[in-house]
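First the structure, in the form of structure tokens, and then the observations on it.
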Amino acid sequence: MISSHDTIVNYKRPIKMYTVIDGAAANKFAHDAPFISISFPFSLSLFLLHFRFKLAISERWQETEADTRTESSVSGMERHGTKKKSAPTTPIKGTQGAFAPTISDEERQKQQLQSISASLASLTRETGPKVVKGDPARKSETPKHVAHAHEHHFTPTISVSDSSLKFTHFLYNLSPAELYEQAIKYEKGSFITETGALATLSGAKTGRSPRDKRVVRDETTEDDLWWGKGSPNIEMDEHTFMVNRERAVDYLNSLDKVYVNDQFLNWDQENRIKVRIVSARAYHSLFMHNMCIRPTPEELENFGTPDFTIYNAGQFPCNRYTHYMTSSTSIDLNLARREMVILGTQYAGEMKKGLFSVMHYLMPKRQILSLHSGCNMGKDGDVALFFGLSGTGKTTLSTDHNRLLIGDDEHCWSENGVSNIEGGCYAKCIDLSREKEPDIWNAIKFGTVLENVVFDEHTREVDYSDKSVTENTRAAYPIEYIPNAKIPCVGPHPKNVILLACDAFGVLPPVSKLSLAQTMYHFISGYTALVAGTEEGVKEPQATFSACFGAAFIMLHPTKYAAMLAEKMLKHGATGWLVNTGWSGGSYGSGNRIKLPYTRKIIDAIHSGSLLEANYKKTKVFGLEIPTEVEGVPSEILEPMNTWADKNAYNATLLKLAGLFKKNFETFTNYKIGKDGKLTEEILAAGPIF
Ligand SMILES: Nc1ncnc2c1ncn2[C@@H]1O[C@H](COP(=O)(O)OP(=O)(O)O)[C@@H](O)[C@H]1O
Ligand SMILES: C=C(OP(=O)(O)O)C(=O)O
Ligand SMILES: [Ca+2]
Ligand SMILES: [Mn+2]
């Protein structure tokens, strides 16, 4: 067996020389920075919480492009240390709406070139680079007249440098087939697997790097965003952002060619966001082609100015001597400029989750709740949300052959119902089996990106059990690769809200019905516990608390999202459930993970409504309502204590976990802000009592 990586070294004699950065990086973050702070006047009855926060940035997102492009501030940036805000170069003056279907092809092409050039503008030169569409390897694609016309338009005026004397070739919204050819020809470690997927390697980083994420703190984000202990928003200043942006743009412009994707986020047409991704690897372009919503040819013609731009210069490190940098990786978000810069990591998930952070900022300002959840719908229109941290089952359980898939990871809940933010799914594929997860298995075909998997050198058959590159092996495919995808990916208001926890302590029941207060308690807690690692002898599970089941992505205080969720659940009469997809019969080491078919039966009973009708009893300590029977599931496993041979060990473990919950929640109770500044008794009482 070889991984794509081995073949870089020696195809015949594979040598593993990978630095494995495990996927647990994300979880680790939550340990390092336990989440805090709750703060809203939480009376469940008067739950029309009114959080108003400043609109300064969101207003900017709606304003016309014209005033965002004053060039004068560029020189402001050159005077180091000035607080003056730089003007975004991404949006281009007057292109909004200018791509009217009536304009000539020539004019449209010219505008496209201008737009791409503006995106790639270096800030030490007033104009963007000279850009030309097409692969530099195919000379015929750079006809002289195009170059001339273009050159004429962008005569460099100041600081002529070598990079401004060359053309930046860009490959615009290539098709999967074209991207395959690019990857295979130019990117080491890219191969076609037996089923036609593109196997590729993400380099040294095989998971996200939450501690390397930075958010520009300026006058507006200062007040809007959640800062300080527990917050995922680690600050950087505007100037440092520009330093990194310049580094990324200069790197990208120094290349023979860059890939440009213009796509959409959010299937809710009214709240659709236009994104541009500039990247250096065909792998990244194909990944985003799959993960974002793909424009039709007509939509692309009228694309105009992107609302947000990612500069992915992941192969190139950030400079550790730059202020705020603590490693050679930096993922930088600037909401005012509507830009994200990626340096020093090629893990594609950074792009997808980076955009998710942006949505977690933009949508709540429009009174729309952004959700780190999977979502599916029954034939009768009953919608379920699946919240949970990485590895708890959002993708697996929302991909259900008997239901329509709305999305596996990122959604919005507005007045009109739910909408998927993305156009694709990103499934974990460690130990993937055709039998247990047929729809995901079958989606791994031509067009799908397979990250960091190991496969047979000759047959190109993938070994899904191989963790030698990483345990976080992934498949990214367009959502329509799932046969029962709901296109467009929207649905009515959810009926069930399922909180998934992979409890490696083995004490949470496989399923419990939650009151609204309990739902809020567990949503704010955001608990999961996975095993610490795959090494021998690691017996102790690690508890992780990540507010809103996605603390790494939220931008506002967790209570803002929690409040909106409670309001919506109350209004639409949704029922909350806690489902343990983790251990049973003992903690990790002695018990076993609950069988996926049993979890599916539990989920089926939630969807059908039959579980609502079941008989319930209340558990000690956590006070959870557990059903006495679920069709297709052995009744004795429904109460965890039954499955533990050692009852004392069970009780001790239960109390231990309850203690961890309590400790995590303390920071919320101590937090004092808002009008009356206190948690209501209801939510506190909804936690463990012992
Ligand atoms: N009982 C279970 N419920 C859900 N997933 C399970 C269960 N047992 C094992 N698994 C595995 O756990 C993983 C869940 O990962 P995934 O669905 O990708 O999580 P998420 O989308 O929340 O990150 C999958 O590899 C799945 O096969
Ligand atoms: C891609 C991710 O999502 P998940 O693990 O929740 O599927 C991630 O968290 O990096
Ligand atoms: Ca996720
Ligand atoms: Mn997932």
Side-chain angles (χ1 to χ4, degrees), residues 21-30 202 205-210 213 232 287 291 331 345 347-357 371-376 385-400 405 407-411 421-422 424-441 449 451 464-465 467 470-477 479 498-504 506 508 510-511 526 528 530-531 544 546 549-553 579-584 588 591-603 633 637:
I21 308 287
D22 64 14
N27 291 335
K28 220 167 157 214
F29 174 65
S202 68
K205 304 278 176 176
T206 57
R208 282 181 296 102
S209 310
K213 192 175 151 200
F287 176 87
M291 294 308 300
I331 301 111
T345 171
Y347 180 64
E350 296 287 4
M351 294 185 283
K352 149 199 164 68
K353 282 303 209 294
L355 290 173
F356 191 36
S357 297
L371 316 158
H372 185 209
S373 75
C375 181
N376 67 18
L385 296 176
F386 299 83
F387 286 99
L389 294 174
S390 189
T392 56
K394 295 182 299 299
T395 302
T396 305
L397 299 170
S398 56
T399 308
D400 180 334
L405 178 65
D408 78 321
D409 197 50
E410 305 176 8
H411 291 84
I421 290 173
E422 304 181 291
C425 302
Y426 194 30
K428 276 184 188 296
C429 39
I430 201 70
D431 295 326
L432 183 71
S433 79
R434 184 204 295 263
E435 174 220 345
K436 284 191 206 142
E437 298 177 65
D439 288 340
I440 294 174
W441 179 277
V449 176
E451 278 178 335
Y464 289 107
S465 69
K467 303 175 180 175
T470 175
E471 184 157 352
N472 189 31
T473 54
R474 294 272 182 164
Y477 45 86
I479 191 160
I498 302 169
L499 310 182
L500 304 171
C502 178
D503 175 28
L508 288 184
V511 60
T528 201
L530 300 172
V531 291
T544 300
S546 176
F549 291 103
F553 324 115
V579 171
N580 174 13
T581 61
W583 268 250
S584 173
Y588 172 78
N592 290 300
R593 194 158 179 190
I594 294 166
K595 289 186 170 58
L596 183 53
Y598 290 160
T599 302
R600 287 202 193 278
K601 285 286 179 197
I602 287 167
I603 301 289
V633 182
I637 76 163

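In listed order, ligands and their atoms are each counted from 1.
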Residues at least two apart in sequence or cross-chain that pass salt bridge (Lys or Arg N to Asp or Glu O under 4.0 Å) with Glu350, listed by chain then number, are none

Atom NZ of Lys595 and atom CD1 of Ile637: how far apart are they, to the nearest 0.5 Å? 8.5 Å

Note: ligand 2 atoms sitting under 4.0 Å from heavy atoms of Lys352 are 1 (C)

Working for side-chain contact (heavy atoms from CB on, under 4.5 Å), residues Lys428 and Ile440: CA-CA 10 Å; Lys428 276 184 188 296; Ile440 294 174; over 6 Å; no

Looking at Glu471, His372, Lys428, Arg593, the heavy atom closest to atom 12 (O) of ligand 1 belongs to Arg593

Working to the nearest 0.5 angstrom, can you tell me the gap between Lys353 NZ and Asp409 CG? 3.5 Å

Looking at ligand 1, does Ser390 have a heavy atom less than 4.0 Å from it? yes

State if Asp408 counts as touching ligand 1 under the rule of any non-hydrogen atom under 4.0 Å. no

N/O separation below 3.5 Å, Gly391 to ligand 1: yes

Is there any N or O on Lys353 that sits under 3.5 Å from an N or O of ligand 2? yes

Closer than 4.0 Å to some heavy atom of Lys394 - which atoms of ligand 2 meet that? 6 (O)

Show which atoms of ligand 2 fall inside a sub-4.0 Å distance from at least one heavy-atom site of His372. 6 (O)

Have a look at ligand 2 and work out which part of Asp409, if any, has a heavy atom under 4.0 Å from it: side chain, backbone, both or neither. side chain

Considering both backbone and side-chain atoms of Ile594, is one of its nitrogen or oxygen atoms within less than 3.5 Å of a nitrogen or oxygen in ligand 1? yes

Under the side-chain contact (heavy atoms from CB on, under 4.5 Å) criterion, do Glu410 and Leu355 qualify, and how do the steps go? CA-CA 10 Å; Glu410 305 176 8; Leu355 290 173; 5.8 Å; no

Go through the structure and list residues passing side-chain contact (heavy atoms from CB on, under 4.5 Å) with Arg593, not counting sequence neighbours. Cys502, Thr581, Trp583

Heavy atom of Glu437 under 4.0 Å from ligand 1? yes

Decide whether the shortest distance between a heavy atom of Ser390 and an atom of ligand 2 is less than 4.0 Å. yes

Please state whether the separation between the Mn ion (ligand 4) and some N/O/S atom of Thr395 is under 2.8 Å? yes

Donor-acceptor pair, distance only, cut-off 3.5 Å: does the side chain of Asn580 make one with the backbone of Leu508? yes

With heavy-atom distances below 4.0 Å as the criterion, list the atoms of ligand 2 near Arg208. 8 (C), 9 (O), 10 (O)

Given Gly393, Cys502, Gly388, Ser373, which has its nearest heavy atom closest to atom 19 (O) of ligand 1? Gly393

